[in-house]
Structure formats: structure tokens, C-alpha cells
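Working notes, beginning with the structure itself.
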Amino acid sequence: MSVCSLYRVTMPCSCSESHLGSCRKQLMFCVSRGKARRRAWTRVSCSAETRTVVIGLAADSGCGKSTFMRRLTSVLGGVAEPTRGRNAYSNTLVGDATTVICLDDYHALDREGRKEKGVTALDPKANNFDLMYEQVRALKSGVAVEKPVYNHVTGRLDPPELIRPPNILFIEGLHPLFDPRIRSLLDFSIYLDISNEVKFAWKIQRDMAERGESLESIKASIKARKSDFDMYIDPQKQFADVIIEVLPTRLIPDKSAPEVLRVRLVMREGVKHFTPVYLFDEGSAISWTPCGGKLSCSYPGIRFFYGPDTYFSDEASVLEMDGQFDRLDELIYVESHLSNLSTKYYGEVTQQMLKHADFPGSNDGTGLFQTIIGLKIRQLYEQIIAGDSSHGLKRKQLRRCLRLSPV
Ligand SMILES: Nc1ncnc2c1ncn2[C@@H]1O[C@H](COP(=O)(O)OP(=O)(O)OP(=O)(O)O)[C@@H](O)[C@H]1O
Ligand SMILES: O=C(CO)[C@H](O)[C@H](O)COP(=O)(O)O
């Protein structure tokens, strides 16, 4: 009887039962005289995959990126927290499955340098796109990086921090969609398009109430950034897969009331792993005023609209919500009329919204659409990983990526 050496092979497989993990199977087999004799599947384990999915979130400063990120990381499992350890001024958030890096960290000119050269942080000259590209590319391929840290308190660059590749990497900031090399690394992209009236209202609320700035200085800062915003930030929306537009309501005639919002979720057609959400009937144009016995609406009420549209000459679907909810638990009524939500169980959108009822925008379309995008990103991630796994099962590829180790 020949002596048999035992080998173990680890290979990917699909893992529907896992939340955000992926599945690895181990095959034990016995080799004698160069031939595999006996084999047995030994273990199926759900574990973090090395594949990093990269999502870009672009918006001007004070447009709700951090608030959006808090919702997203909650939907994706876990709370994203500041990186523990060395730098208290780190801008990075690390969660169980996600890492959020803020692209302010790639400012090539610090506050003093920008002042000397007379440029704003929105100007590409003030940012190091080569390094941004190299580091996002490294993380996407599973390699940790030493990322710079821009310190918003001192206005200087601090010593770099170590960033390990997560399951999902969010790059948020002023320019995630600016450089074509970086755009090519993104699996999905979002642009927050906040109208001037609303941006102004949010900025006043934050910078006056929380940071003690004067109304005059806020106005001056918005004015000083306006031309660079129009030139370098706003055009990025043409490259986004999904755009969330936030505008004043149309429900109150002759008044731009930024406290009541009309929010439009623009979803480009044909985006890989993303199916647009629809109301009642896919592809139809529908206007819906749901305020009746099942949804309490005080003045000025709520109006939904859904229909096909074009965005920068591309086909898109738009879902719009104007107005605000009185009672968040009644959102289930709206949720039950929406399709393609990528929920895992009935009422998941409502449950997520109730969980974070204290976040800004929870009673209007901003919170609702951010939550839906979170669920869509979760599905996108799972589909990408499942795709990798089933490809991994193809024999030729499998041979290339097998890790063969004697037991
Ligand atoms: N959906 C919303 N509804 C109402 N207010 C909001 C909403 N989102 C954000 N805000 C408010 O706007 C202000 C800016 O939000 P946030 O800090 O999330 O923006 P940001 O884009 O991360 O800003 P920065 O880039 O300057 O750090 C905050 O005061 C926040 O409460
Ligand atoms: O636009 C910004 C962030 O999105 C900031 O203005 C930019 O990062 C510069 O920061 P600071 O004003 O703290 O020097």
C-alpha cells in the first residue's frame, strides 16, 4: 500500500448565509504517486474576504457626507469609529466591514500653503491625486497603506496612519470622482447635490451653532469657494452612478423653505450590480400623495414622484419625495409600495430609519434615500463577492489561486 500525503486546499465559494463575509471551503485530499486519491470537504467557513470593494461619495463641505456615512456603516453592520491609537485628529472611521477615508487627507498644500498660493482646498492643485490613486489602488488589491492625515485643527499634515484593506472602502470628500484613474477603481459612486439654499441653511446651523462662527464669515467662506466649487466639484456629478439632489420644497407656494425638502434620487440605468428602486410600476411615471388613513401628514403634506428621466444624456430613473413624515413607524406603508429595495426582510428600511430617528434628515427623503442606498450597497457588495467566488470555482482560475498546503 502506497504512502499518502495529505494536502489541504482552501477555495472560495458563495456564502448566502453570511451577512457581509464570504465563504471559504477546505478540501482535504490525499496524494499518492502524484495522484489525488481521496478527497473530502472538511469545512465551510464564512470569513472576511480580501477583496475590497471601493465606493466613492462626493460632495462639497457641509453637505451631509458624515451623516450619510453614519447611516451607511450602520446598514452594513457595525458602527464606524475613529481609528483607535495614535492620532486623535484622524479623519478615518473604521467599522467591522467598512473603512471610511476622508480625501482631505490628500491635501498637498496645508492651510498656510493654500493661503500663500491663493488657492482653496477645492482646487486640484491643493491635492495629491497621484498618491490618492496609488493608495486607493493598493487598498483595493488588498495591500495596507500609510495614509497621510490632514489635521483640521492645526491645518497641517500630521504623521501618516496605517490603513488596512477593509471589505468595503468608502472614499468620501471633495474629489473622489475628479481623477479618471481613481474613477476607474470605483465599484459604485454617489454624488450629494445640495442646492445653494439648503447648503447655506445646513452650514449656518452647523457653523454658527456648533463652531461659533458668524453669519458674515459663513457667507464669505461660501462666496470664496463658489467658483472652485462650480469648476471642480459640481462637474463630478456627471460621473456618479447615483445622485441625491436636495432642494427646497414645492409644496409651499412662493416660498423657498429649506426646512422642508424635496429630495430626488437619480439612479442611472445599466449600473453593474445596481437595480433602480421603483414605485408601483417599473418604468411608468407616477405621482403619489399617500396622505390618507395609513400615513399621517401635517401641512404641507408629502408627495412622491417616480419616473424615467435622463441625466447627462444617460437613461435614469428618478424617485422623488417632497415633504416630511410625521410618524416614522408609518413609513412601512410607503416602504410596502416601493420595489427593488434590496432589503433582506419586510420592513427593513423602516427599521433602519427608526433605529436612527435622531439623525438629521430622518423625517424626509434625505434619510430615506440614504438608507435605501445603504441597502443597495450591501447587495452590490454581496453580488461582487459572490461573483468572485463562482469565478473562483472555474477550474483554470482555481488552479491559479489555490493555496496548497501539506497538512
Ligand atoms: N439630511 C440632513 N438634513 C438636515 N440637516 C443635515 C442633513 N445632513 C446633514 N445635515 C446637517 O448639515 C451639517 C453638515 O453635515 P455633515 O457634517 O454630515 O457634512 P459633511 O459633508 O461631512 O461636512 P464636512 O465636509 O465639512 O465635514 C450638520 O450640521 C448636519 O447636522
Ligand atoms: O473643504 C473642506 C473639507 O471638505 C475643507 O475646507 C478643507 O479640507 C480644508 O480644511 P480646513 O478649512 O480645516 O483647513
Side-chain angles (χ1 to χ4, degrees), residues 57-73 80 82 89 91-93 100-116 119-124 126-128 148-158 170-176 178 190-195 197-213 217-218 220-222 224-226 228-229 232-233 236 244-249 257-265 321 324-325 353 356-371 373:
L57 173 66
D60 196 5
S61 162
C63 285
K65 296 183 297 292
S66 317
T67 310
F68 192 2
M69 281 303 153
R70 277 156 74 207
R71 275 191 204 279
L72 282 180
T73 44
Y89 302 109
N91 302 305
T92 305
L93 298 174
V100 182
I101 60 174
C102 173
L103 298 182
D104 294 351
D105 288 334
Y106 294 94
H107 288 336
L109 296 175
D110 62 11
R111 204 176 285 157
E112 197 59 40
R114 291 195 300 271
K115 209 168 148 191
E116 263 170 33
V119 294
T120 72
L122 297 87
D123 191 320
N127 296 280
N128 187 344
V149 177
Y150 179 75
N151 184 325
H152 280 280
V153 175
T154 62
R156 296 226 178 98
L157 284 160
D158 282 350
F170 286 99
I171 56 169
E172 65 96 345
L174 297 168
H175 304 99
F178 183 83
I190 309 154
Y191 184 87
L192 297 183
D193 191 1
I194 315 296
S195 63
E197 302 91 320
V198 177
K199 198 194 290 189
F200 188 54
W202 287 0
K203 243 185 146 30
I204 286 180
Q205 174 224 315
R206 183 187 66 177
D207 295 352
M208 276 179 86
E210 294 168 24
R211 299 184 181 173
E213 286 184 32
S217 77
I218 298 168
S221 140
I222 291 180
R225 294 166 66 106
K226 178 82 172 80
D228 281 354
F229 172 78
Y232 306 120
I233 311 304
Q236 293 177 92
I244 299 183
E245 296 177 350
V246 184
L247 304 139
T249 183
E259 62 275 17
V260 182
L261 302 177
R262 179 166 71 97
V263 188
R264 286 163 57 82
L265 177 62
M321 177 184 160
Q324 48 198 34
F325 302 109
M353 291 282 283
H356 301 298
D358 57 328
F359 284 11
S362 286
N363 63 347
D364 63 35
T366 56
L368 175 62
F369 295 160
Q370 288 174 4
T371 303
I373 293 304

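All ligand and atom numbering here is 1-based and tracks the order in the structure. Owing to the predicted nature of the structure, the values given are computational and were not obtained by experimental measurement.
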Backbone N or O of [Y] within a donor-acceptor pair of the [X] side chain at under 3.5 Å?
{"X": "Lys199", "Y": "Ser61", "value": "no"}
{"X": "Arg262", "Y": "Leu247", "value": "no"}
{"X": "Thr366", "Y": "Val263", "value": "no"}
{"X": "Asn127", "Y": "Leu122", "value": "no"}
{"X": "Ser195", "Y": "Val246", "value": "yes"}
{"X": "Thr371", "Y": "Gly367", "value": "yes"}

What residues sit with at least one heavy atom under 4.0 Å from ligand 2?
->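 Under the 4.0 Å cut-off, ligand 2 touches Ser61, Asp104, His107, Arg111, Arg114, Ala121, Tyr150, His152, Leu174, Arg225.
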Determine, for Phe359 and Arg71, whether the Lys NZ or Arg CZ falls below 6.0 Å from the six-membered ring centre while staying within 45 degrees of the axis.
->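 The answer is no, since Arg71 fails at least one limit relative to Phe359.
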Please identify each residue that fulfils ring pair (Phe, Tyr, Trp, His ring centres under 6.0 Å) with Tyr150, with sequence neighbours left out.
->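 Scan of Tyr150 (ring pair (Phe, Tyr, Trp, His ring centres under 6.0 Å), adjacent residues dropped) gives His107, His152.
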Taking ring pair (Phe, Tyr, Trp, His ring centres under 6.0 Å) as the test, write out the residues that go with Tyr232, two or more places apart.
->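 Here no residue qualifies.
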Which pairs of nitrogen or oxygen atoms, taken one from ligand 1 and one from the protein, are under 3.5 angstrom apart?
{"residue": "ligand 1", "atom": "1 (N)", "partner": "Thr366", "partner atom": "OG1", "Å": "2.9"}
{"residue": "ligand 1", "atom": "5 (N)", "partner": "Trp202", "partner atom": "NE1", "Å": "3.3"}
{"residue": "ligand 1", "atom": "17 (O)", "partner": "Arg206", "partner atom": "NH1", "Å": "3.4"}
{"residue": "ligand 1", "atom": "18 (O)", "partner": "Ser66", "partner atom": "N", "Å": "3.3"}
{"residue": "ligand 1", "atom": "18 (O)", "partner": "Thr67", "partner atom": "N", "Å": "3.0"}
{"residue": "ligand 1", "atom": "18 (O)", "partner": "Thr67", "partner atom": "OG1", "Å": "2.6"}
{"residue": "ligand 1", "atom": "19 (O)", "partner": "Gly64", "partner atom": "N", "Å": "3.0"}
{"residue": "ligand 1", "atom": "21 (O)", "partner": "Gly62", "partner atom": "N", "Å": "3.4"}
{"residue": "ligand 1", "atom": "21 (O)", "partner": "Cys63", "partner atom": "N", "Å": "3.1"}
{"residue": "ligand 1", "atom": "21 (O)", "partner": "Gly64", "partner atom": "N", "Å": "3.2"}
{"residue": "ligand 1", "atom": "21 (O)", "partner": "Lys65", "partner atom": "N", "Å": "3.0"}
{"residue": "ligand 1", "atom": "21 (O)", "partner": "Lys65", "partner atom": "NZ", "Å": "3.0"}
{"residue": "ligand 1", "atom": "22 (O)", "partner": "Ser66", "partner atom": "N", "Å": "2.9"}
{"residue": "ligand 1", "atom": "22 (O)", "partner": "Ser66", "partner atom": "OG", "Å": "2.5"}
{"residue": "ligand 1", "atom": "23 (O)", "partner": "Gly62", "partner atom": "N", "Å": "3.0"}
{"residue": "ligand 1", "atom": "23 (O)", "partner": "Arg206", "partner atom": "NH1", "Å": "3.1"}
{"residue": "ligand 1", "atom": "25 (O)", "partner": "Lys65", "partner atom": "NZ", "Å": "3.0"}
{"residue": "ligand 1", "atom": "26 (O)", "partner": "Ser61", "partner atom": "OG", "Å": "2.9"}
{"residue": "ligand 1", "atom": "26 (O)", "partner": "Gly62", "partner atom": "N", "Å": "3.2"}
{"residue": "ligand 1", "atom": "26 (O)", "partner": "Arg206", "partner atom": "NH1", "Å": "3.0"}
{"residue": "ligand 1", "atom": "26 (O)", "partner": "Arg206", "partner atom": "NH2", "Å": "3.0"}
{"residue": "ligand 1", "atom": "29 (O)", "partner": "Gln205", "partner atom": "NE2", "Å": "3.3"}

